[in-house]
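Keep in mind the model is a prediction, meaning the values are calculated, not measured.
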Amino acid sequence: MKKPIINNIFPTPVYITKIDREFTKQELQFVNEQKKYCKNNTGNLHTKDSYILNKKEFKNIKKFLDKCCKNYLDTVICPKNNLELYITQSWLNYTESNQYHHKHEHPNSIVSGVLYLNSDIKNDKILFSHPISYKQIRPEIDKTKFNLWNSDTWYFPVETGNLFMFPSSTTHQVETKQGNNTRISLAFNTFYKGKLGNNFELTELIL
């Protein structure tokens with residue numbers, strides 16, 4: 001038998017990079033101060049301000065994230081028309097020991113991102129869930145090992161400075177926090193600005 005080839009078709013892109021500098025004292029001081037202005041989420045806290053990247057203290061972080069949005073657009077989506085992927089809402093999450101972040105997606109967004117301002121790579125991770133597991137019955141099979149084809153969930157360890165970007169419909173969560181650090185992340189949503197489709201095929205949409 002000739003060795004088979006297994007191809008991944010229609011994979012979910014999880015874009016991972018890291019900011020190329022340390023966070024400044026002023027940025028971290030602002031992040032710590034914002035914890036005073038939070039509301040309860042399911043399992044943890046997030047800022048009441050959901051446009052946090054508009055603050056002057058985050059001006060340089062926003063420049064980095066805007067650059068990554070453009071790179072994601074050019075690398076993953078590859079639009080023919082002049083299109084922009086711009087950040088809409090943004091907020092800070094705070095997760096203490098024994099807290100968690102519930103399983104969720106991000107409606108009304110194209111690509112979502114999470115930048116980690118404080119995380120412990122030994123204990124902190126982001127967990128993604130397979131979309132098919134919520135759409136059809138799947139036989140439960142004991143496995144000898146897990147891989148990208150037979151897993152219902154997949155996690156990535158996260159460290160301070162990491163940026164993760166992924167389609168906003170991707171289900172993700174934070175399991176119960178281990179370790180003593182306060183896990184702090186900056187999350188954001190995006191949408192398109194520009195022209196989708198074309199006039200000739202009657203699919204044109206100008207945003």
Looking at side-chain heavy atoms only, is the closest gap between Ile87 and Asp66 below 4.5 Å? yes
Do Thr160 and Leu117 have side chains that get closer than 4.5 Å, going by heavy atoms? no
From Leu163, Leu92, Val114, residue fulfilling side-chain contact (heavy atoms from CB on, under 4.5 Å) relative to Leu186: Leu92
Might you confirm whether atom OH of Tyr155 has over 12 heavy atoms from other residues, nucleotides or ligands at distances under 6.0 Å? no
What is the distance from atom OG1 of Thr170 to atom NE2 of His104, rounded to the nearest 0.5 Å? 11.0 Å
4.5 Å side-chain heavy-atom contact, Leu28 and Phe23: yes
With side chain to side chain donor-acceptor pair (under 3.5 Å) as the test, would you mind laying out the steps for Asn189 and Thr88 before giving the verdict? CA-CA 6 Å; Asn189 288 332; Thr88 54; 5.0 Å; no
Going by the side-chain hydrogen bond (donor to acceptor under 3.5 Å, both in side chains) test, which pairs reach into residues 4-21, not counting sequence neighbours? Asn8-Trp149, Tyr15-Asn71, Lys18-Glu159, Arg21-Glu27
Would Ser129 and Gln173 satisfy side chain to side chain contact (heavy atoms under 4.5 Å, CB included), going step by step from the backbone distance to the final call? CA-CA 8 Å; Ser129 295; Gln173 68 186 95; 4.1 Å; yes
Any idea which heavy atoms bring Ser151 and Phe146 closest together, and the distance? OG-CB, 3.5 Å
Linking I/L/V/M/F/W/Y whenever any side-chain heavy atoms sit under 4.5 Å apart, do Ile126 and Ile184 land together? no
The reported gap from NZ in Lys80 to CG in Leu196 (rounded to nearest 0.5 angstrom) is 14.0 Å
First locate atom CD1 of Ile141, then atom CG of Asn150, and finally report the distance between them rounded to the nearest 0.5 Å. 8.5 Å
Does atom CG of Asn147 have more than 12 heavy-atom neighbours from other groups under 6.0 Å away? yes
If you look only at pairs with a residue in residues 110-120, which of them pass as a salt bridge (Lys or Arg N to Asp or Glu O under 4.0 Å), with sequence neighbours excluded? none
Note, Val111 side chain near Pro167 side chain (heavy atom, < 4.5 Å): no
Using the rule that two of Ile, Leu, Val, Met, Phe, Trp, Tyr join whenever any of their side-chain heavy atoms come within less than 4.5 Å, decide whether Ile16 and Val158 are in one cluster. yes
Step by step, work out the side chain to side chain donor-acceptor pair (under 3.5 Å) result for Glu105 and Thr171. CA-CA 5 Å; Glu105 304 87 28; Thr171 304; 2.6 Å; yes
Tell me, which pairs form a salt bridge (Lys or Arg N to Asp or Glu O under 4.0 Å) where one or both residues lie in residues 165-180, sequence neighbours left out? Asp124-Lys177, Lys125-Glu175
Neighbour count above 12 (heavy atom, 6.0 Å) for Glu22 CD: no
Euclidean distance, Phe188 CZ relative to Cys69 SG, rounded to 0.5 Å: 4.5 Å
Listed partners of Lys70 passing side-chain contact (heavy atoms from CB on, under 4.5 Å), at least two apart: Asp74
Could you tell me which residues satisfy side-chain hydrogen bond (donor to acceptor under 3.5 Å, both in side chains) with Ser90, sequence neighbours excluded, listed by chain and number? none
Minimum side-chain heavy-atom gap Tyr116-Asn93 below 4.5 Å: no
If you define the side chain from C-beta out and look only at heavy atoms, does anything of Ile77 sit under 4.5 Å from Tyr192? yes
Sequence neighbours left out, what passes ring pair (Phe, Tyr, Trp, His ring centres under 6.0 Å) with Phe166? Give chain and number order. Phe128, His172
Looking at side-chain heavy atoms only, is the closest gap between Leu127 and Val174 below 4.5 Å? no
List for me each residue that meets side-chain hydrogen bond (donor to acceptor under 3.5 Å, both in side chains) alongside Asn81, sequence neighbours excluded, and say none if there are none. none
Carefully, step by step, assess Phe164 and Val14 under the rule side chain to side chain contact (heavy atoms under 4.5 Å, CB included). CA-CA 7 Å; Phe164 284 71; Val14 178; 3.9 Å; yes
Side chain to side chain contact (heavy atoms under 4.5 Å, CB included), that's the test. Do Asn162 and Leu115 meet it? Break it down for me. CA-CA 6 Å; Asn162 275 162; Leu115 175 67; over 6 Å; no
Where Ser109 and Ser112 come nearest, the two heavy atoms and their spacing: OG-OG, 3.6 Å
Please examine the side chains of Tyr72 and Thr190, heavy atoms only from C-beta on, and report whether any two atoms are closer than 4.5 Å. no
With sequence neighbours excluded, tell me which residues meet side-chain hydrogen bond (donor to acceptor under 3.5 Å, both in side chains) with Gln26. none
Who pairs with Phe30 by ring pair (Phe, Tyr, Trp, His ring centres under 6.0 Å), at least two apart in sequence or on another chain? Phe58
When rounded to the nearest 0.5 Å, the distance separating CD of Gln29 from CD of Glu33 is 5.0 Å
Give a yes-or-no answer on whether the side chains of Asp152 and His130 include a donor-acceptor pair shorter than 3.5 Å. no
Report the C-alpha separation of Leu85 and Phe191 in whole Å, then their side-chain angles, then the decisive distance to 0.1 Å, and conclude whether the side chain to side chain contact (heavy atoms under 4.5 Å, CB included) test is met. CA-CA 6 Å; Leu85 189 67; Phe191 213 79; over 6 Å; no
For a quick test of your reading: what N or O donor-acceptor pairs under 3.5 Å do the side chains of residues 198-207 make, sequence neighbours left out?
residue: Asn198; atom: OD1; partner: Phe200; partner atom: N; Å: 3.2
residue: Asn198; atom: OD1; partner: Glu201; partner atom: N; Å: 2.8
residue: Thr203; atom: OG1; partner: Asn198; partner atom: N; Å: 3.0
residue: Thr203; atom: OG1; partner: Asn198; partner atom: O; Å: 3.4

Review item, side-chain donor-acceptor pairs of residues 34-43, under 3.5 Å, at least two apart:
residue: Lys35; atom: NZ; partner: Glu96; partner atom: OE2; Å: 2.1
residue: Asn41; atom: ND2; partner: Asn44; partner atom: OD1; Å: 3.2
residue: Asn41; atom: ND2; partner: His101; partner atom: NE2; Å: 3.1

Check the hydrophobic clustering (I, L, V, M, F, W, Y; side-chain heavy atoms under 4.5 Å; chains of links allowed) and say if Tyr100 and Leu45 are grouped together. no
Listing, residues 48-57 side-chain donor-acceptor contacts under 3.5 Å, not counting sequence neighbours, or none:
residue: Asp49; atom: OD1; partner: Tyr51; partner atom: N; Å: 2.9
residue: Ser50; atom: OG; partner: Gln89; partner atom: NE2; Å: 3.0

